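Everything numeric in this text was worked out from a predicted model, so none of it was measured.
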Amino acid sequence: DAGVTQSPTHLIKTRGQHVTLRCSPISGHKSVSWYQQVLGQGPQFIFQYYEKEERGRGNFPDRFSARQFPNYSSELNVNALLLGDSALYLCASSLNYQYTEAFFGQGTRLTVV
Amino acid sequence: QQQVKQSPQSLIVQKGGISIINCAYENTAFDYFPWYQQFPGKGPALLIAIRPDVSEKKEGRFTISFNKSAKQFSLHIMDSQPGDSATYFCAASLTSGTYKYIFGTGTRLKVLA
């Protein structure tokens, strides 16, 4: 079975641009969460979606938004990119909205220049 | 109160030795405690997890010890191998309300051959 897949794997953007990151959860998993991992730190929670509804939001500005599609895949959008948005963006997939056994993808490495 | 404190920041162990990583939390409502292993350029991979009604859980060479009264938990890697060299993150979550992991800051483990 395929694990959590994220695309693209690497991305370079210029300050002020917009970016869209994509995630496909494990087959049968209905919950997708997004995390930001700055180099040398632990992942920080951004969003959780379950059954296409936002179930939780971390302490991130409104420039960050996300959505979940009927097939449970998800997009994370970041507007007006700042240098500080450079990070590894991780998608986590879990069977339901209760946080047991969340599985992470390999992430999207975003570099803002 | 949402923090998870992890120590040490880095750890060097001889092959065959025991690696011990410690975490402490503040929020007594946390009820799920996973450990993740992350290799460079990869997403975190779930190693082992525990709930607070259990004081110890063992899976192969990996053991979690949990001290509810002290609000501490630790990962023990027995017979450490060079292939175990990675960054390890502890995390804590609530399985009610907003479902998210609060991650520790990570421990970079190096096992010498």
Side-chain angles (χ1 to χ4, degrees), chain A residues 2-7 9-10 21 23-26 29-51 53-60 66 87-111, chain B residues 1-10 21-25 27 29-54 57 59 64 75 86-109:
Chain A
V4 180
T5 57
Q6 292 187 242
S7 63
T9 54
H10 295 84
L21 311 180
C23 171
S24 292
I26 293 170
H29 284 197
K30 299 181 179 181
S31 175
V32 169
S33 297
W34 288 95
Y35 287 78
Q36 180 196 64
Q37 185 177 23
V38 174
L39 197 62
Q41 297 183 19
Q44 298 289 316
F45 173 77
I46 309 175
F47 287 110
Q48 188 203 23
Y49 276 77
Y50 175 71
E51 291 284 13
E53 291 187 5
E54 181 182 307
R55 291 298 187 107
R57 183 186 182 112
N59 189 24
F60 280 81
L88 181 67
Y89 288 85
L90 296 163
C91 172
S93 162
S94 55
L95 192 60
N96 54 37
Y97 63 87
Q98 290 178 301
Y99 254 65
T100 55
E101 294 193 330
F103 298 92
F104 285 84
Q106 69 175 25
T108 294
R109 171 69 64 187
L110 173 65
T111 302
Chain B
Q1 203 179 22
Q2 291 289 318
Q3 279 189 326
V4 176
K5 297 181 180 179
Q6 184 172 347
S7 63
Q9 189 173 10
S10 62
I21 304 170
N22 301 298
C23 284
Y25 63 98
N27 187 346
F30 286 143
D31 56 1
Y32 182 70
F33 301 88
W35 283 89
Y36 282 83
Q37 177 190 58
Q38 187 175 30
F39 292 103
K42 303 293 184 183
L46 179 64
L47 264 181
I48 187 172
I50 199 168
R51 291 190 178 273
D53 53 348
V54 176
K57 183 175 181 180
E59 290 185 3
I64 299 179
L75 175 69
T87 299
Y88 293 80
F89 292 96
C90 62
S93 76
L94 299 166
T95 55
S96 61
T98 298
Y99 305 106
K100 62 181 180 180
Y101 285 161
I102 306 297
F103 281 90
T105 50
T107 296
R108 184 174 293 182
L109 171 66

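- Across all their heavy atoms, Ile21(B) and Pro8(B) have their closest contact at CA-CD, 4.5 Å.
- Neither the backbone nor the side chain of Pro34(B) comes within less than 4.5 Å of any heavy atom in chain A.
- Within the 4.5 angstrom heavy-atom criterion, no atom of Gln9(B) approaches chain A.
- At a cut-off of 3.5 Å, with distance as the only test, a side-chain donor of Thr107(B) or Gln6(B) sits close to an acceptor on the other residue.
- For Gln44(A), no part lies near chain B; criterion is any non-hydrogen pair under 4.5 Å.
- Residues passing the salt bridge (Lys or Arg N to Asp or Glu O under 4.0 Å) test with Lys30(A) are Glu51(A), sequence neighbours excluded.
- Among residues two or more places apart in sequence or in another chain, the salt bridge (Lys or Arg N to Asp or Glu O under 4.0 Å) test is passed with Glu54(A) by none.
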